[in-house]
Amino acid sequence: MKTYTTTHNRKGFSAPAKLFHWITVLLLFIQYTIGWVMPDVHKDTQPIGLISWHLSIGSLIVLVVLIRLAWRLTHTVPPEPTTLPPPLQTAARATHWLLYALLVAFPLMGWANASSRGWEVSLFGLIPLPPLSPTGSVLGHEMGDIHQVFAWVLLVAVGLHVSAALFHHFIIKDDTLRRMLPRRR
Ligand code: HEM
Ligand code: HEM
């Protein structure tokens, strides 16, 4: 039988859950900014400057998300707010798992694309990571195109998620947002 560790009190998310959540938000914000201001990537582009930062922050995101997911799969979180009808509670939970799935799959596509270009992906030049696809791989190349499209898919999913959080806070006026915030009023 599966056993879970309970790490939250009935009022809100535990400190690690909040920390993982807001670190991910911060890293994604930085990563999107870099992704959109860095030079366009072409056939002979070298992974220097902002592109190098994109690879390093991206690797950090992969690491944080994998640790977060391992933590999440072994711990419970507070139940969905009862202010929602059951189908919407299910939809909210499904959206959270969709976000987790996107957070894992999306950076791996960028990584596979970087590897197919023969770029070494590393954590800030300190810890080299293995290539995810062979140099010149057609699949790795296509992953780059999908990575660009998925940047928008993740953004739309996050947009829905944030709208839901704000709807809870300002329209339904329940505790949903407060229980994910660093300090409860
Ligand atoms: C969640 C993390 C990530 C976010 C939010 C993100 C976001 C972006 C964005 C917004 C772009 C520009 C898309 C465009 O020009 O329309 C991009 C391109 C790119 N990213 Fe990421 N990225 C992430 C993770 C990674 C990782 C981990 C790597 C590699 C280790 C990576 C490698 C690349 C490459 C190589 C491109 C250029 C793709 C091409 O033009 O073919 N990304 N990324
Ligand atoms: C970069 C964007 C974001 C991502 C990827 C993200 C992802 C997630 C995930 C995966 C969960 C589920 C936690 C769990 O049950 O394990 C969650 C919960 C939550 N997020 Fe976000 N989030 C983001 C941004 C935000 C922002 C900006 C807000 C606030 C406006 C927010 C508010 C919340 C709240 C209130 C919960 C708890 C929902 C509940 O009680 O069921 N999130 N988020």
Side-chain angles (χ1 to χ4, degrees), residues 7-8 12-14 16-18 20-43 45 47 50-65 68-69 71-73 75-81 83-84 88-89 91-117 119-123 129 131-133 140-155 157-170 174-181:
T7 58
H8 59 85
F13 283 82
S14 65
K18 290 179 186 176
F20 279 131
H21 182 269
W22 294 109
I23 283 181
T24 311
V25 173
L26 178 69
L27 287 174
L28 281 180
F29 178 77
I30 297 171
Q31 184 70 339
Y32 267 104
T33 307
I34 296 176
W36 279 320
V37 301
M38 71 187 189
D40 283 346
V41 175
H42 300 293
K43 198 165 173 285
T45 304
L50 282 178
I51 298 179
S52 161
W53 278 100
H54 190 76
L55 303 187
S56 284
I57 306 263
S59 314
L60 186 60
I61 291 176
V62 172
L63 193 72
V64 168
V65 167
R68 178 177 180 186
L69 204 55
W71 185 91
R72 177 63 178 83
L73 290 170
H75 296 74
T76 55
V77 295
E80 291 302 327
T83 42
L84 289 181
L88 282 186
Q89 292 180 26
R93 192 59 84 207
T95 309
H96 292 158
W97 286 109
L98 173 71
L99 283 170
Y100 279 126
L102 289 173
L103 286 175
V104 172
F106 169 55
L108 293 183
M109 294 168 188
W111 183 351
N113 180 256
S115 301
S116 76
R117 295 175 186 279
W119 295 354
E120 186 186 80
V121 175
S122 75
L123 260 175
L129 303 176
L132 276 198
S133 70
H141 177 76
E142 281 166 1
M143 284 293 153
D145 298 338
I146 305 178
H147 184 70
Q148 293 188 22
V149 174
F150 265 65
W152 290 101
V153 175
L154 177 61
L155 211 57
V158 165
L160 289 174
H161 171 70
V162 172
S163 310
L166 297 179
F167 186 79
H168 272 283
H169 192 70
F170 291 109
D174 67 11
D175 229 15
T176 304
L177 179 57
R178 270 189 295 269
R179 63 191 199 155
M180 186 47 107
L181 291 180

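Read the numbers this way: they start at 1 and go in the same order the structure lists the ligands and their atoms. If you read the sequence from its start, that first residue is 1, and numbering goes on from there.
Counting atoms of ligand 2 from 1 in the listed order, those under 4.0 Å from a heavy atom of E80 are 41 (O). Atoms of ligand 1 lying under 4.0 Å from any heavy atom of L55, numbered from 1 in the order shown and given with element: 29 (C), 30 (C), 32 (C). Atoms of ligand 1 lying under 4.0 Å from at least one heavy atom of W36, given by number and element, are 10 (C). For ligand 2, the atoms closer than 4.0 angstrom to any heavy atom of R93 are 15 (O). Close contacts of ligand 2 with R68, meaning ligand atoms under 4.0 Å from a residue heavy atom, involve 8 (C), 9 (C), 10 (C), 11 (C). Atoms of ligand 2 lying under 4.0 Å from at least one heavy atom of R179, given by number and element, are 39 (C), 40 (O), 41 (O). When each atom of ligand 1 is checked for a heavy atom of M38 under 4.0 Å away, the hits are 18 (C), 19 (C), 36 (C). Ligand 1 places these atoms under 4.0 Å from at least one heavy atom of V121: 30 (C). Near Q148, meaning under 4.0 Å from one of its heavy atoms, ligand 1 places the atoms 13 (C), 14 (C), 16 (O), 38 (C), 39 (C), 40 (O), 41 (O).
Of the listed residues (I61, V64, I57), the one carrying the non-hydrogen atom nearest atom 2 (C) of ligand 1 is I61. Of the options D174, L99, L27, L102, the smallest heavy-atom separation from atom 7 (C) of ligand 2 is shown by L99. Considering only non-hydrogen atoms, atom 34 (C) of ligand 1 lies nearest to N113 out of I146, V158, N113, T45. For atom 29 (C) of ligand 2, the candidate residues are L181, L28, L177; the nearest heavy-atom contact is made by L177.
Distance from atom 36 (C) of ligand 2 to its nearest protein heavy atom, with residue and atom name: M180 CG, 3.8 Å. Of all protein heavy atoms, the one lying nearest to atom 35 (C) of ligand 2 is T176 O, 3.4 Å. At the shortest separation from atom 12 (C) of ligand 2 among protein heavy atoms lies H96 CG, 3.3 Å. Atom 30 (C) of ligand 2 has as its closest protein heavy atom V162 CG1, 3.9 Å. Ranking the protein heavy atoms by distance from atom 5 (C) of ligand 1 puts F106 CE2, 3.3 Å first. With hydrogens left out, the protein atom closest to atom 24 (C) of ligand 2 is V25 CG2, 3.5 Å, a heavy atom. The protein atom (non-hydrogen) at minimum distance from atom 13 (C) of ligand 2 is Y100 OH, 3.6 Å.
Metal site remark for atom 21 (Fe) of ligand 2: H21 contributes an N, O or S atom at a distance under 2.8 Å.
Note: H147 and F106 meet the aromatic proximity criterion, with ring centroids under 6.0 Å apart.
Residue F150 qualifies as open at atom CZ: its count of foreign heavy atoms under 6.0 Å is 12 or below. Within a 6.0 Å radius of CH2 in W97, more than 12 heavy atoms belonging to other residues, nucleotides or ligands are found. The number of heavy-atom neighbours closer than 6.0 Å to NE2 of H141, taken from other residues, nucleotides and ligands shown, is 12 or below.
In this structure, the side chain of W111 does not engage the main chain of L129 through any donor-acceptor pair within 3.5 Å.
Contacts of L108 with ligand 1, taken as heavy-atom pairs under 4.0 Å, are absent altogether.
For the side-chain contact (heavy atoms from CB on, under 4.5 Å) test, residues two or more places apart in sequence or in another chain that qualify with L123 are S59, L60, L63, I127.
Assignment of H141 to the shell around ligand 1 is not supported, since no heavy atom sits closer than 4.0 Å. Between R117 and ligand 1 there is a heavy-atom distance shorter than 4.0 Å. For the pair F13 and ligand 2, a heavy-atom separation below 4.0 Å is found.
Across every non-hydrogen atom of S116 and G140, the tightest pair is OG-C, 3.5 Å.
Side-chain contact between F29 and I34: absent, with no pair of heavy atoms (C-beta onward) separated by less than 4.5 Å.
Cation-pi geometry between R68 and W71 is not met at under 6.0 angstrom from the ring centre and within 45 degrees of the axis.
The shortest N/O to N/O separation between W22 and ligand 2 does not fall below 3.5 Å. Polar contact check, W111 against ligand 1: no nitrogen or oxygen pair lies under 3.5 Å apart.
For a distance threshold of 2.8 Å, the protein N, O or S atoms nearer than that to atom 21 (Fe) of ligand 1, listed by chain and number, are H54 NE2, H147 NE2.
Looking at H161 and atom 21 (Fe) of ligand 2 together, the shortest N, O or S contact belongs to NE2.
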Notebook entry, point to check: Under the side-chain hydrogen bond (donor to acceptor under 3.5 Å, both in side chains) criterion, do H168 and D174 qualify, and how do the steps go?
Noted result: CA-CA 6 Å; H168 272 283; D174 67 11; 2.8 Å; yes

